[in-house]
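Have a look at the structure below, then the notes.
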Amino acid sequence: MRLSQLFGKTLRQVPAEAETASHRLLLRAGMVAQISAGIYAYLPLGFEVLKRIETIIREEMDAAGSQELLMPSLLPIEVYQASGRDRTMGEILFQVRDHHDRDFTLGPTHEEIFVEVFKRNVQSYRDLPLLLYQIAPKFRDEPRPRGGLIRLRQFIMKDLYSFDADREGLDHSYQLMYDAYKRVFDRCGVPTVPALADSGAMGGSDTHEFLYLTDVGEDHCLLCPECGYAANAEVATFIKEPAWANEAPLPLEEIDTPGLKTIAELADFLDVPPTKTCKAVFYLASLPGEPEKPVFVAVRGDMDVNEAKLRSALGAVELRYMEEDDVRRAGFVAGSAGAVGLEGASVVADDLVTLEHNLVAGANKPDKHVLNTNYGRDWTADIVADIALAHEGALCAACRTPMDERRGIEMGQVFKLGTKYSESMGAYFLDAEGKQQPAIMGSYGIGVERLLAAIIEENHDENGIVWPPRLAPYDVHLVGLQLERSPGAKEAAEKLYADLSNAGVRVLYDDRDESPGVKFNDADLLGMPLRVTVSPRNLEQNAVEVRARTADESELVPLDVAVEELRARVV
RNA sequence: CGGGGCGUAGCGCAGUCCGGUAGCGCACCUGAAUGGGGUUCAGGAGGUCGCCGGUUCAAAUCCGGCCGCCCCGACCA
């Protein structure tokens, strides 16, 4: 391809909104064009890289024994009603209506439709195990798209679904995918950490996220430097040690705490550590098919509520944090709420607060707190569970080592779904005894554009992108320099372009009449693995100049062996 | 959904407070010079000032409403 003809041009200045490195470089390199919030067009260079990522994914999925197919994006809403996800996925579903007033959704993830098609084609255990996948668009009406390609409303996902006859089969399929995912990300030049995760709206039991650790990530995870434990903060467990369990319970005492609303203010006023206090938080929780109801949540004052853990402790589908005003309107005393004598809300306590003695808590009266509250004697909870959020330094549950808290981007996630969809949607097969059994399912997703963004985040320098060779849209960036200044120079460059192309090397030929600085800067920005410069200066020595994108120095390669030499150096 | 910011040429921005014929840089077109890390000069094309309404002799500028985009949070696969 001639750079003069390539659609999409490099930019010296980038739109002000681009903040992350990948977003800026994608725009500067002319690889993407934003259409709307979280919706992008892919120009030829960007599209080429997406295709190369998809090739790696296909190779690994096929090697794992799965078959590729293609499902529609436009799906009758009934398909999601069958699983109940028209309600549990709620607002992120894009809905459209046809001219007969039938409702459709643009598929946000495709468990349901794979199950539908599975049912029409599989009746026997002899057809199992079965691994099916597609690489296709997904549509999610995200509350907040962000970071260029990091969170999109329309995106391409590789989604694979496994169907097994039994739990052991699922374990095997899950492991196959787990290993395949590792290889996909390794081959793409993106280091990932498999971390325990929350299954959220997908349902099911075991699930891992493959996190690319980066400060621009939106997920928080905890990593144990000693034993390797890795988990999303949503599910991370840790050792919580009571600080005051050995104190003898003292009598309750109500005190004036004028204007004190936060734990920090309270602890400061009483001159006690935050661990001596009990933090009160209100949520509105809704369970399937029930109206919202208020929930009072108690954690020790130095801790925060982990909403994912709280959600699963309650079995709630939706959880809404109550702001101070909401709390007041609901008839509670914002700022001085406490479990002692509280009415009108169910109570959830973190297991740690139930062990402590003599904590300070809200008195449910304005500007009053009570000293020396003790679980069991003064208050009880409807649910006691681990609902505390792990932070930097939390002790690893496996080996007691203080853990690191890091941010990361979720590259992919693997789920053991079990029978959630096969039972609700009737995907049964006959086993060897002729008995009907639900298929045991797993689901496995990779966000393709997000992977592209991560590849650039991980593989760039101050001058531009540094493509891993397998992903580069071209192998060689051929720079024609000052070719008009010497007779025959242009012909030599054209010949090299043609010879390399004929030898199977993918060449991007900068044939523009631009100054050297412009050409070299664009070559660095676009990031092809090899830069080859043809100029009168080099031709005088019957040579071309070759520089790897990752190298500091260039080298001269004799013209007569250049094609062979370069072909050997490209993957 | 809450908080903050922004919307003027393809991109980056000034002009808005204080109403009076819409500007700068990059990119683009023409010509010339230059020639190894974003070169210089000359000439040129390009704008419903996000949209709707109001005030005014006159609105990018003031007022009201709406829409869009970005960031933080909430939420989320």
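Just so it is clear: chains get the letters A, B, ... in the order the sequence lines come, proteins before strands, and each one is counted from 1.
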Does U16(B) pair with anything, Watson-Crick or G-U wobble, both distances under 3.5 Å, and if so, with which nucleotide?
none

I'd like the P distance from C71(B) over to G12(B), given in whole Å.
14 Å

Assigned partner base of G7(B), Watson-Crick or wobble definition, under 3.5 Å
C67(B)

Could you tell me whether Q34(A) contacts a base, only the sugar-phosphate backbone, or nothing, with contacts defined as non-hydrogen atoms closer than 4.0 Å?
sugar-phosphate

Which parts of nucleotides 23-39 of chain B does protein reach within less than 4.0 Å, heavy atoms only, written one letter per nucleotide 5' to 3' as B for base, S for sugar-phosphate only and - for none?
--BSSS------BBBBS

Quick one: on RNA chain B, does R153(A) or R320(A) contact a more 5' nucleotide (nearest heavy atom)?
R153(A)

For the CZ atom of R406(A) and the CG atom of L213(A), what is their distance to the nearest 0.5 Å?
5.0 Å

Which of these nucleotides, C72(B), C76(B), C69(B), is closest to any side-chain atom of R144(A)?
C72(B)

On the 0 to 90° scale, with breaks at 30° and 60°, tag the F185(A)-Y181(A) ring pair as parallel, tilted or perpendicular.
perpendicular

Rounded to the Å, how far apart are H220(A) NE2 and G73(B) C1'?
11 Å

The Watson-Crick or G-U wobble partner of C41(B), with both key distances under 3.5 Å, is G31(B)

Within 45 degrees of the ring normal and closer than 6.0 Å to the centroid, is that where the cationic atom of K416(A) sits relative to Y174(A)?
yes

Counting any heavy atom closer than 4.0 Å, what does G8(A) reach on the DNA or RNA strands: base, sugar-phosphate only, or nothing?
nothing

If only side-chain N and O atoms of S36(A) are considered, is one of them under 4.0 Å from the OP1 or OP2 phosphate oxygen of C69(B)?
yes

Check the distance between A74(B)'s P and N306(A)'s CG and give it to me in whole angstrom.
12 Å

Counting Watson-Crick and G-U wobble pairs only, both distances under 3.5 Å, name the nucleotide matched with G36(B), or none.
none

A59(B) -> Watson-Crick or G-U wobble partner, both distances under 3.5 Å, gives none

Contacts of E68(A) that satisfy salt bridge (Lys or Arg N to Asp or Glu O under 4.0 Å) - sequence neighbours left out:
R58(A)

Using a cut-off of 4.0 Å on non-hydrogen atoms, how would the nucleic acid contact of Y283(A) be classed: base, sugar-phosphate, or nothing?
nothing

Any strand: nucleotide that pairs with C1(B) via Watson-Crick or wobble, under 3.5 Å:
G73(B)

Check: E111(A)/T109(A) side-chain N/O donor and acceptor closer than 3.5 Å:
yes

In whole Å, I'd like the distance from the CG atom of L319(A) to the C1' atom of C76(B).
13 Å

Could you list the residues that satisfy salt bridge (Lys or Arg N to Asp or Glu O under 4.0 Å) with E545(A), not counting sequence neighbours?
none

Re G46(B): Watson-Crick or G-U wobble partner, both distances kept under 3.5 Å, found to be none

Within the 4.0 Å heavy-atom criterion, would you say R146(A) contacts the bases, only the backbone, or no part of the nucleic acid?
sugar-phosphate

Just how far is it from atom CD1 of I77(A) to atom CZ of R85(A), taken to the nearest 0.5 Å?
11.5 Å

